[in-house]
Amino acid sequence: MSDPGIPSSKLPLATRAPGKCILFGEHAVVHGKPEVVLAIDLHTQVALRGATEHRLNGSAEAARSNAYLVEGLRRLHPDGPPLDVTVTSRLPRAAGLGSSAAFTSALSAGLWALRGGVSRAELAASSFEVERGAQGVGSPGDTTATVGGGYLSINAGTGPAAWTVRDGDREWAVRRLPDPQWVWVVGYTGIPRNTGETVRAVGRRLDQSDGPALLDRFQSVALEGVDALREERREAVGRLLDQNQALLREVGVSHPRVEALLAAAAPGCDGGKLTGAGAGGSVVVLPKPGHELEVARRIARAGGVPYIVKPAPLGVQLVEHLGVR
Ligand code: MEV
């Protein structure tokens, strides 16, 4: 990876991680199939300071009940001194835009900095373990985006992998994709969703007899998506986003509000789909060049919260040592 890892640091410190958007392959990736993720320029910042007991945004009770913080501290800071953890984020929570992954990787990066630093590959594996430990299910897709930055493919292509995350007999090989310099629009439906429940429901659907064939269709769309992105074939990417949405509908994770936002955006777009776990959450659409604002307005008029987003080229970073006077 050209991007270096996280260096050693001391308290107080701050880290910053981008949000994420999934262009192809959510849910199928949990079953080892390919995925394409994009880190987006809506960031989460985590500041760590010394304290007399663990606190999250000033509250000891919040520090005890936030599963991601509890899991991160258990794995990466078991004997460390109490921390005051302050989170500020531009990402709506539980919206499918990676708020949990951004928090998890920013927290993990900060805790690793206190332990003497970490490589990006190790941080990716460790952030996945923390997120999965907190959620109970899932793939390393979201933390791959927030740790790696830019466009990344998982389990697609044959060149050398930037890193591989392993879990039992399952593995996810991560490769960088070139940035075609497109602007995307995401739209939050306003309906929060629960990733764990949605992943389990799709798992039950995929246990049916046509499950393997469905997973193969997810795989074909994602692999074609990787080729179309590499070759900057915009209309083909749009068509494949629509095909991916049809598959997500078929496994039961679309939602009337998702469909309403996609229908509202469609006249100004090359294609679009839900992004993340679904059952609410957000959509991602590829606006025709110059139509970004129009598409954002269409989403807003349909009741969604639009964000015009660009790729965040860098994954999680140590932004500053907050300075001890
Ligand atoms: C959630 O953002 C993406 C899912 O594929 C779950 C996961 O990969 O962990 C639905």
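Hydrogens, waters and symmetry mates are skipped; everything else that's a heavy atom, side chains included, is used. Quantities reported herein were computed from a predicted structural model and do not represent experimental measurements. One-based numbering, in listed order, for ligands and for the atoms of each.
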**Message:** Using a 4.0 Å cut-off to any heavy atom of G138, which atoms of ligand 1 qualify?
**Reply:** 9 (O)

**Request:** Check ligand 1 against V29 and write out every atom of the ligand that is under 4.0 Å from a heavy-atom position of the residue.
**Result:** 5 (O), 8 (O)

**Request:** For the pair R239 and E235, find out whether any cationic side-chain nitrogen is under 4.0 Å from an anionic carboxylate oxygen.
**Result:** no

**Complete:** So the atoms of ligand 1 within less than 4.0 Å of a heavy atom of V199 turn out to be 6 (C), 10 (C)

**Request:** May I ask you to say whether R249 pairs ionically with E259, meaning some side-chain N is under 4.0 Å from a carboxylate O?
**Result:** yes

**Item:** For V30, the ligand 1 atoms whose distance to one of its heavy atoms is below 4.0 Å
**Value:** 5 (O), 6 (C), 7 (C), 8 (O)

**Message:** If the threshold is 4.0 Å, N to carboxylate O, is there a salt bridge linking K310 and D41?
**Reply:** no

**Asked** Can you check whether S139 has an N/O within less than 3.5 Å of an N/O in ligand 1?
**Response** yes

**Asked** Does R200 come within less than 4.0 Å of E197, counting only side-chain N to carboxylate O?
**Response** no

**Request:** Number the atoms of ligand 1 from 1 as they appear, then name those within less than 4.0 Å of a heavy atom of I22, with their elements.
**Result:** 2 (O), 3 (C)

**Request:** Please write down residue, atom name and distance for the protein heavy atom closest to atom 5 (O) of ligand 1.
**Result:** H27 N, 2.9 Å

**Prompt:** Are L152 and L229 grouped together when hydrophobic residues (ILVMFWY) are joined by side-chain heavy atoms under 4.5 angstrom apart?
**Reply:** no

**Prompt:** What part of T198, side chain, backbone, both or neither, has a heavy atom within less than 4.0 angstrom of ligand 1?
**Reply:** neither

**Fill in**
One finds that the ligand 1 atoms under 4.0 Å from a non-hydrogen atom of A277 are 1 (C), 10 (C)

**Prompt:** Which of the numbered atoms in ligand 1 are below 4.0 angstrom from a heavy atom of K20?
**Reply:** 2 (O)

**Request:** For the pair R115 (side chain) and L76 (backbone), establish whether a donor and an acceptor sit closer than 3.5 Å, ignoring hydrogens and angles.
**Result:** yes

**Request:** Below 4.0 angstrom from a heavy atom of E26, which ligand 1 atoms are there? Numbered from 1 as shown, please.
**Result:** 5 (O)

**Message:** Could you check whether R64 pairs with E61 (Lys NZ or Arg NE/NH1/NH2 to Asp/Glu carboxylate O, under 4.0 Å)?
**Reply:** yes

**Item:** Check: A222 main-chain N/O paired with N244 side-chain donor or acceptor under 3.5 Å
**Value:** no

**Message:** Looking only at distances, can you tell me whether any N or O atom of D142, backbone or side chain, sits closer than 3.5 Å to an N or O atom of ligand 1?
**Reply:** yes

**Request:** Report yes if R193 has an N/O atom closer than 3.5 Å to an N/O atom of ligand 1; otherwise report no.
**Result:** no

**Request:** Answer with yes or no whether E131 contacts ligand 1, where contact means a heavy atom under 4.0 Å from a ligand atom.
**Result:** no

**Prompt:** At under 4.0 Å between heavy atoms, which part of Q135 makes contact with ligand 1: side chain, backbone, both or neither?
**Reply:** neither

